[in-house]
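This report concerns only the one structure given below.
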There are 2 protein chains.
Amino acid sequence: MSPAPRSKQQIQALYKLREMILAGEFAPGERVSELAVVERLGISRTPVRLALTILQHEGFLQGLPGGGYRVREFSLQDVLDAIEIRGVLEGAAARLAAERRPSAEELAELQATCAAMDSIVIKPMSEEVLEQYSELNGRFHSQLLALSKSPMLSRSLAHVEALPFASPNAFVFVGFAQSEQSDILKFGQHQHADIVEAIAQGEGGRAEALAREHARLARRNLATAQKRMDLYEKVPGSFLFEAGAAPDETGADG
Amino acid sequence: MSPAPRSKQQIQALYKLREMILAGEFAPGERVSELAVVERLGISRTPVRLALTILQHEGFLQGLPGGGYRVREFSLQDVLDAIEIRGVLEGAAARLAAERRPSAEELAELQATCAAMDSIVIKPMSEEVLEQYSELNGRFHSQLLALSKSPMLSRSLAHVEALPFASPNAFVFVGFAQSEQSDILKFGQHQHADIVEAIAQGEGGRAEALAREHARLARRNLATAQKRMDLYEKVPGSFLFEAGAAPDETGADG
DNA sequence: TATCTGTCGATTGTATACAATCTCGCTCCG
DNA sequence: CGGAGCGAGATTGTATACAATCGACAGATA
């Protein structure tokens, strides 16, 4: 979306900082001062400052009243809500895609991606397969978004997915790790196919409902991950979550 | 949302620049260079630079490949989509509000605002009445959002509403100007009441549908405004719109 | 004449010096 | 002994000097 900072130092500062935050190199709630970052990155204040501002707008950092920042913590509810919002927006994308009647060629691209994923989910799990699936999954979601033909919607979704745990690929590996025992991944793939079908037939309401429900797989995967710490640690940005109870799948909410 | 820049020059640069953009002081598509802004504002490059970055993230400015920015233009479709997205997100807010069962006190606040608006829409139009309605309308929407109890949703909605024409109050005066002849304003107020009722009864689906439809009033008001230039000029940021045909209310889209 | 290249100008990116502000701690006075 | 005020240190905000990059224009050569 954003043509991005145009210079090396800015890009480096932004990427490195984001990486550091996502790697949990700042204690949660710890105050992050500009100067400290400058020292750690070896980049001067100006680009660092810019990176900090951007990360604040992306939601990773919170500005402190006295100046400086701190790494933003996310409650479990925040994470669940982010997934919910992604579902709502992807639902809107699917509906608009259906309503705006993509051409046969446009649709074919999405169908091709979907078909490719079909052939992947039946393979036995491996590092390589996971990577392929992950890439195709990302492509599917971005193609779907493209079919909505709405730059504004893309913008909103991008803003939400800037949070790493809200991206469509955030929990794929959980599904994969689980796929030995369950068919959750195949189920998700089935939803992909249904979404494509609904769009192809111009069934906006169905497409929306399906896409929304599809996003909620992430919720289930999150619950699974929380029960298995070996998986949980692989959730991008999981240390940004406040320590809290496992999500309550039987709860009244949502 | 953002604890905001902490200093005077930064704030001034940001506000003044935003104001200038909204006042149409930059030709649409015109290249905006940092130095030019510095000269016009009499503020040094550092705070100006920061303000430009923020405005880029807010969607008012587009970064140019060769450096510099230009004022972002919005197509008619962009404006309609922004309204649509606001509807989708406010719909989600209304649904969550219903599902999360607000306490009687929380609900009472919303009901009070709604009641106050009831007594306003029957008054004859005036500058003062318009202002009162506008404020109450804004309060209604923010109270509704609060009832969803989702900071993440608030964040997403705030991001969308940063665009002036996507805010709930963007077109109120159109409805007012029209209210001499039609009851569009009373109709909108009726929707408010229905939304409150649905939330009170825990009817999430109904609340969502109502809130979504409610947002689409803005679409109709936009169409009206485009037919009457005296109103159109009062739409916030209307000069950001590309010159284009009036919206097609009979069109297939949407 | 067309194209390629080199130089000049403008504009942005980076670094740093300087100013203002805020915090924390110490001391002094009540 | 406690509180208030003052001051030192640290940290952020501002401005500007300097470097690097990009584009345009012009001139030369094929």
Side-chain angles (χ1 to χ4, degrees), chain A residues 1-21 25-73, chain B residues 1-21 25-73:
Chain A
M1 189 184 77
S2 50
R6 287 167 281 289
S7 156
K8 260 184 175 163
Q9 297 293 73
Q10 286 182 13
I11 283 187
Q12 281 215 342
L14 183 59
Y15 286 8
K16 279 189 182 175
L17 248 180
R18 191 158 27 201
E19 196 179 337
M20 284 168 72
I21 292 174
E25 293 195 23
F26 297 100
E30 172 191 348
R31 182 194 170 97
V32 177
S33 85
E34 199 175 294
L35 221 57
V37 175
V38 164
E39 247 178 66
R40 270 175 93 158
L41 295 185
I43 296 174
S44 81
R45 284 181 62 200
T46 309
V48 164
R49 195 180 186 70
L50 196 44
L52 288 169
T53 305
I54 292 175
L55 288 170
Q56 180 185 3
H57 271 77
E58 287 182 358
F60 290 106
L61 293 175
Q62 254 176 336
L64 258 45
Y69 301 85
R70 56 167 212 175
V71 177
R72 161 112 192 232
E73 273 187 309
Chain B
M1 190 185 77
S2 50
R6 287 167 282 290
S7 155
K8 258 183 174 165
Q9 297 292 72
Q10 287 181 12
I11 283 188
Q12 281 214 344
L14 182 60
Y15 285 9
K16 280 189 181 173
L17 248 179
R18 189 158 31 202
E19 196 178 337
M20 284 168 72
I21 292 174
E25 292 194 23
F26 297 101
E30 173 191 346
R31 181 194 170 98
V32 177
S33 83
E34 198 176 296
L35 222 58
V37 175
V38 165
E39 246 177 69
R40 270 175 93 158
L41 295 185
I43 296 175
S44 80
R45 283 181 62 200
T46 309
V48 165
R49 194 181 187 71
L50 197 44
L52 287 169
T53 305
I54 292 176
L55 288 169
Q56 180 186 3
H57 270 77
E58 287 183 357
F60 290 105
L61 293 175
Q62 253 176 337
L64 258 46
Y69 301 86
R70 56 168 211 174
V71 177
R72 162 106 193 238
E73 273 187 310

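Below, chains carry the letters A, B, ... as their sequence lines are ordered, and counting in each starts from 1. These figures come from a predicted structure and were not determined experimentally.
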Rounded to the nearest 0.5 Å, what separates atom CD1 in A:I11 from atom CG in A:L50? 11.0 Å
Using only side-chain N and O atoms of A:Q9, determine if any of them is under 4.0 Å from OP1 or OP2 of C:dA15. yes
In this structure, how many angstroms lie between the P atom of D:dA20 and the CD atom of B:E34, rounded? 18 Å
Whole angstrom value for the distance that separates C1' of C:dT16 from CD1 of A:I43: 16 Å
Return the value, rounded to whole Å, for the distance between atom CD1 of B:I11 and atom P of C:dT21. 13 Å
Take atom CG of A:L52 and atom C1' of D:dT11, then tell me their distance rounded to the nearest Å. 13 Å
In terms of heavy-atom contacts, A:L17 and A:A51 come closest through CD1-CB, 4.3 Å
Taking OP1 and OP2 of D:dT14, is either one under 4.0 Å from a side-chain nitrogen or oxygen of B:T46? no
To the nearest Å, give me how far apart CG (A:L64) and C1' (C:dT21) are. 15 Å
Can you find a side chain N or O atom of A:R49 that sits less than 4.0 Å from OP1 or OP2 on D:dG13? yes
Nearest-nucleotide pick for B:S33, side chain only, options being C:dA15, C:dG13, C:dT11: C:dT11
Can you measure B:L61 atom CG to C:dT12 atom P for me and round it to whole angstrom units? 12 Å
Side-chain donor-acceptor contact under 3.5 Å, A:Q62 with A:R70: yes
Among A:L52, A:V71, A:L55, A:I54, which residue meets the side-chain contact (heavy atoms from CB on, under 4.5 Å) test with A:F60? A:L55
Starting at CZ of A:R31 and ending at P of C:dC24, how long is that distance when rounded to a whole Å? 9 Å
In whole Å, what is the span from the CD atom of A:Q10 to the C1' atom of C:dG13? 6 Å
